[in-house]
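Some notes on the structure that comes next.
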Number of protein chains: 2
Amino acid sequence: MANRKTTSALDEHLGYWLRMVSNHVSNGFARKLEGHGATVAEWVLLRELFDVEALAPSRLAERMGMTRGAISKLADRLTEKKLVARADDPDDQRAHRLSLTVAGRELVPELAALADENDASFFADLTALERANIEAILRKIVVRRGLKDIPVS
Amino acid sequence: MANRKTTSALDEHLGYWLRMVSNHVSNGFARKLEGHGATVAEWVLLRELFDVEALAPSRLAERMGMTRGAISKLADRLTEKKLVARADDPDDQRAHRLSLTVAGRELVPELAALADENDASFFADLTALERANIEAILRKIVVRRGLKDIPVS
DNA sequence: ATGATGTTGTTTCCTAGTCAACTAAATTCG
DNA sequence: CGAATTTAGTTGACTAGGAAACAACATCAT
């Protein structure tokens, strides 16, 4: 037993490699979105609204793993851009309902194409088996640990 | 050819699952670090300095994938906490050299233990084979795409 | 050696989040 | 019913980063 345990290096953690790849994927996507005047958070919000008639900010906050404050400001920006509309909830004087404008609805498929492209190009180096493997493993972690939203930070 | 292509959902992208898991790992680690008064960026900087006598802020910026401005402020916080010391570079009047203080050097193994624990607990659900697989796949992406730093954003 | 160019680190301004306090409205319960 | 509590959304103070301008110094080409 000659060696004391040595302080582990950054890259000895699986989390390190995960963060490296994940941040590059998100970053690449963010750069692609920039060209269309959108951010990742904006894309996610728009996509969430896409297959629903309308949604309350609070629900979006839960689904997106952001605070209500953040959603409030995000919605401000998107209404400013005329991509999202705020309407009063007829059943609850406090509540709002966010929905896509026509322009917003038209933008979603365009951004979805960028997302597809980004994902495809990033994982193009992998074999079909590798892609299936990594997805299965990630899903397993999500299920086992009961992860439900994506914390932004 | 009955069906038009449908707008892809968020979770149809590998990047989605990657981000979900990666953000949870980082977030969990951040919460653990909080109890020790440190942030993830601080941990990374301290760990980078750990196996080197001293390093210029610019080098750290490259290695950490952050701007020099960000490193400047990060170094401010760490010197404020007496974990890092700034010294003039004798060979270059512009340059500085950052190094760990005794307290900083003592803190690193403590935080490394947290990192180990966080990583282990997070991937505990996986089999050894799954862990080996995901690491190999992530490393392959890093190599193939020539990723060298971790963009923070 | 000197003038152009490049590099180092800091600083200012901006962005997009968090957190906590707040207002108004809804709900619960005694 | 009416008071206490909960919920919805906004706001303000704060944080950690990026981008770009900057001053000081170094390097390089003549």
Side-chain angles (χ1 to χ4, degrees), chain A residues 19 23-24 26-31 33-34 37-46 54-81 84-99 149-153, chain B residues 19 23 26-31 33-34 37-46 49 54-81 84-99 149-153:
Chain A
R19 200 156 65 90
N23 285 1
H24 271 280
S26 292
N27 234 32
F29 186 39
R31 252 179 273 115
L33 284 173
E34 241 175 70
T39 66
V40 174
E42 287 172 5
W43 149 249
V44 173
L45 194 152
L46 293 173
L55 207 53
S58 300
R59 301 300 130 258
L60 281 166
E62 291 164 5
R63 307 206 69 200
M64 296 176 63
M66 291 170 66
T67 61
R68 285 173 330 207
I71 297 291
S72 188
K73 293 163 190 167
L74 186 48
D76 280 351
R77 282 173 248 143
L78 286 166
T79 55
E80 190 67 29
K81 292 186 189 177
V84 162
R86 252 187 258 252
D88 292 344
D89 183 329
D91 303 340
D92 185 335
Q93 297 302 111
R94 301 165 302 180
H96 292 170
R97 293 160 60 76
L98 298 177
S99 58
D149 56 14
I150 301 194
V152 162
S153 190
Chain B
R19 201 157 63 89
N23 285 2
S26 292
N27 234 34
F29 186 38
R31 252 179 273 115
L33 282 173
E34 241 175 69
T39 67
V40 174
E42 287 172 5
W43 150 248
V44 174
L45 193 153
L46 294 173
L49 289 185
L55 209 51
S58 299
R59 300 304 127 252
L60 281 166
E62 291 164 5
R63 308 206 70 202
M64 296 177 63
M66 293 171 65
T67 62
R68 284 170 327 193
I71 297 292
S72 189
K73 295 162 195 167
L74 187 48
D76 280 351
R77 282 172 249 144
L78 286 166
T79 55
E80 190 67 31
K81 292 187 189 177
V84 162
R86 251 188 258 252
D88 292 344
D89 183 330
D91 303 341
D92 186 334
Q93 297 303 112
R94 300 166 300 183
H96 292 169
R97 293 160 59 76
L98 299 176
S99 58
D149 56 16
I150 302 194
V152 162
S153 190

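Chain letters run A, B, ... following the sequence lines, proteins first and then strands; every chain starts at 1.
Expressed to the nearest 0.5 Å, how far CZ of B/Arg97 lies from CG of B/Asp91 amounts to 8.0 Å. Rounded to the nearest 0.5 Å, atoms CE (A/Met64) and CD1 (A/Ile71) are 4.5 Å apart. Between atom OG of residue A/Ser58 and atom CZ of residue A/Arg63 there is a gap of 13.5 Å, rounded to the nearest 0.5 Å.
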Atom pairs under 3.5 Å, N or O on each side, protein against nucleotides 3-6 of chain C: can you list them with distances?
| unit_1 | atom_1 | unit_2 | atom_2 | d |
| --- | --- | --- | --- | --- |
| C/dG6 | N2 | B/Arg94 | NH1 | 2.8 |

Sort me out a list of protein N/O and nucleotides 12-14 of chain C N/O pairs below 3.5 Å, or just none if empty.
| unit_1 | atom_1 | unit_2 | atom_2 | d |
| --- | --- | --- | --- | --- |
| C/dT12 | O4 | B/Lys73 | NZ | 3.3 |

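Partners of A/Asp88 according to the salt bridge (charged side-chain N to carboxylate O under 4.0 Å, His left out) rule, which considers only residues two or more places apart in sequence or in another chain, do not exist here. Under the salt bridge (charged side-chain N to carboxylate O under 4.0 Å, His left out) criterion, A/Asp89 pairs with no residue, sequence neighbours left out. Taking the side chain to side chain contact (heavy atoms under 4.5 Å, CB included) definition, one finds that A/Ala87 meets it with nothing, sequence neighbours left out. Residues satisfying the side chain to side chain contact (heavy atoms under 4.5 Å, CB included) test with A/Ala56, not counting sequence neighbours, are A/Arg59.
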Taking only distance into account, with no hydrogens and no angle test, what donor-acceptor pairs under 3.5 Å do side-chain atoms of residues 38-45 of chain A form with protein atoms, sequence neighbours excluded?
| unit_1 | atom_1 | unit_2 | atom_2 | d |
| --- | --- | --- | --- | --- |
| A/Thr39 | OG1 | A/Glu42 | N | 3.1 |
| A/Glu42 | OE1 | A/Thr39 | N | 3.2 |
| A/Glu42 | OE1 | A/Lys81 | NZ | 2.8 |
| A/Glu42 | OE2 | A/Lys81 | NZ | 3.3 |

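With rounding to whole Å, A/Glu80 atom CD is found 16 Å from D/dT10 atom C1'. Atom CG in B/Asp76 sits roughly 7 Å away from atom P in C/dT11 (whole-Å rounding). Across the protein-nucleic acid pair, A/Asp89 atom CG and D/dT7 atom C1' stand 13 Å apart, rounded to whole Å. Remark: P of D/dT11 and CG of A/Leu74 are 15 Å apart, rounded to the nearest angstrom. The nearest whole Å value for the distance from the CG atom in B/Leu78 to the P atom in C/dT10 is 13 Å. Rounded to whole Å, the distance from CG on A/Asp91 to C1' on D/dT7 is 15 Å. When the P atom of D/dA26 is taken as reference, atom CG of B/Asp88 falls 11 Å away, rounded to whole Å. Counting to the nearest Å, the P atom of D/dA20 and the CZ atom of B/Arg68 are 12 Å from each other.
Checking A/Thr67 against B/Ala70, the closest nucleotide of DNA chain C that is more toward the 5' end is the one next to B/Ala70. Both A/Thr39 and A/Gln93 lie near DNA chain C, and the one whose nearest nucleotide falls closer to the 5' end is A/Thr39.
Between B/Arg97 and the phosphate of C/dG9, there is no side-chain N or O to OP1/OP2 separation shorter than 4.0 Å. Taking side-chain N and O atoms only, B/Arg59 has a distance below 4.0 Å to OP1 or OP2 of C/dT8. Taking side-chain N and O atoms only, A/Arg77 has a distance below 4.0 Å to OP1 or OP2 of C/dG17. Contact annotation: B/Ser58 reaches the phosphate of C/dG9 (side-chain N/O to OP1 or OP2, under 4.0 Å).
Residues in residues 66-80 of chain A take part in these side-chain hydrogen bond (donor to acceptor under 3.5 Å, both in side chains) pairs, two or more places apart or across chains: A/Asp76-A/Arg86.
Counting any heavy atom pair closer than 4.0 Å across all strands shown, B/Asp92 reaches sugar-phosphate atoms only and no base atom.
Shown here for B/Leu98 and B/Leu60, the closest heavy-atom pair between the two residues is CD1-CD1, 3.7 Å.
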